[in-house]
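First the proteins, then the strands, lettered A, B, ... as listed; each starts at 1. Not measured: the values here are computed from a predicted model.
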Amino acid sequence: MEGPSVEELLAKAEQDEVEKLQRITVHKELELEFDLGNLLASDRNPPTVLRQAGPAPEAELRALARDNTQLLINQLWQLPTERVEEAVVARLPEPTTRLPREKPVPKPRPLTRWQQFARLKGIRPKKKTNLVWDEVSGQWQRRWGYKRARDDTKEWLIEVPESADPLEDQFAKRIQAKKERVAKNELNRLRNLARAHKTQLPSTAGMHPTGHQSKEELGRAMQVAKVSTASVGRFQERLPKEKAPRGSGKKRKFQPLFGDFAAEKKNQLELLRIMNSKKPKLDVTRATNKQMREEDQEEAAKRKKMGKRKGGRQGTGGKRKGGPHSQGGKRKGGVGGKRQSWPSGLGGKGKGGKRRK
Amino acid sequence: MRPLTEEETRVMFEKIAKYIGENLQLLVDRPDGTYCFRLHNDRVYYVSEKMLKLAANIAGDKLVSLGTCFGKFTKTHKFRLHVTALDYLAPYAKGFGVAAKSTQDCRKVDPMAIVVFHQADIGEYIRHEETLT
């Protein structure tokens, strides 16, 4: 039989094994350094093969990459494995390379007002316990915060002091005082933040109604009040004669820096095409109007001179009703000098008529 | 740094078109690369795409200039062309002239004096028959 004989098969199998081994085992002069926690393999062998390769070392680079990856995978196969949901998984050790910072080092914040004062006076924070013994409830409770030990707003019995108004609500008074303290604290926190970021808090100059506010302050207060609705002032009506506020439009939006270059080019070419098509060589209308205006002005100058000379004879020459100017407005004249003389005629008759009356 | 708006592009093109006319298309659409106009601190720069990508890595307040400065927009949004644009305008210029008097003399001269010699070849009158007024 001429089929593949057993010896040939065996020989082929052996050859395959050798090839596989060749592929798996990679010979390197210097061993690679492995950081399996980061799946990192560092090859410190001198790149002589690459240098000899020439301008396009694609094949050599690929071979190098294949070899190094093979070595890395060989190392991975030696790690202890475990089974996670029907997959065999290698457990990676801790990474040994220290990666650099992703973001820059944070700048030190400026000190708050209290911190500056404490530093100045040399005040150190006293170590306090978190829990305080509360007699009333017979428990250890927090010093501050939720369900704290001595919360004066939670008292159920308050004696009205003698100096106070008997009709005043002492409970409400305490709650109000608490709110004011919280608001003050919040304000100080925001002030500290503003100082840290070198900005300013929005000024509340004219917001509280006193009797003595300037016009600008009142205007500003009104604007703020208008915008302080749930719809940010969108459905607030204006008084009958109130003008719209200026400068309240959307911020200008520009095209992105690396927009579509092809689209930009197309738009510009389109713009150029429109510009070129619209350009008349000589704006005929403007030219004729200009010409007529010049002629009228010359005539007006001439008339003035004549009027001054004849003014002595005619007594008061009468008011010239700015005749030339009313005639010299924009007229849609035809091509080249279609002179229209009727305005001057009318003006003359009109003047004559009125003077007779 | 930002691209020009429609309005700004129009104003600028109108100005440049006075010098090079229809050849402005050749500046916008170049065969040897993508060039574009960018505005930085009111100045218009003509810069290749490659250069633009490099310039984008510099902080805005530290960037002084990029590519070629063609001119700037004034406070009232008029476009003023600068001499640095000459290299790009010269090949496409509508006409050439030789100054007959220096700049200072031009201001003091009488109205009828010749200030620029327009040197043309014989066929220019025929070539530019449509554009000559």
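For A:Asn192 and A:Arg189, the side-chain atoms include no donor-acceptor pair closer than 3.5 Å. A:Glu33 and A:Ser42 are not linked by any side-chain donor-acceptor pair at a separation below 3.5 angstrom, with hydrogens and angles left out of the test.
Proximity to chain A is absent for every atom of B:Tyr35, based on heavy atoms less than 4.5 angstrom apart. Contact of B:Arg10 with chain A is made through backbone and side chain together, with heavy-atom distances under 4.5 Å. Of the two parts of A:Arg252, only the side chain, counted from C-beta on, holds a non-hydrogen atom closer than 4.5 Å to a non-hydrogen atom of chain B. Contacts of A:Glu264 with chain B are made by side-chain atoms alone, with heavy-atom separations under 4.5 Å and no backbone atom involved. Heavy atoms closer than 4.5 Å to chain A are found in the side chain of B:Thr5, but not in its backbone. At a 4.5 Å heavy-atom cutoff, the contact between A:Leu257 and chain B is made by backbone and side-chain atoms alike.
We find that B:Asp42 and B:Lys72 are not joined by a salt bridge, their nearest charged nitrogen and carboxylate oxygen being 4.0 Å or further apart. Taking a cutoff of 4.0 Å between a charged side-chain nitrogen and a carboxylate oxygen, A:Glu299 and A:Lys304 do not qualify as a salt bridge.
Each of B:Phe37, B:Phe13, B:Tyr45, B:Phe79 was scored for a ring pair (Phe, Tyr, Trp, His ring centres under 6.0 Å) with B:Phe70, with one residue passing: B:Phe37.
Ranking B:Glu14, B:Met1, B:Arg38 against chain A, the residue ahead of the rest is B:Arg38, based on heavy-atom pairs under 4.5 Å. Top candidate by heavy-atom pairs under 4.5 Å with chain A, chosen from B:Lys53, B:Gln25, B:Arg2, B:Glu49, is B:Arg2.
Between the side chain of A:Ser214 and the main chain of A:Glu217, a donor-acceptor pair closer than 3.5 Å is present.
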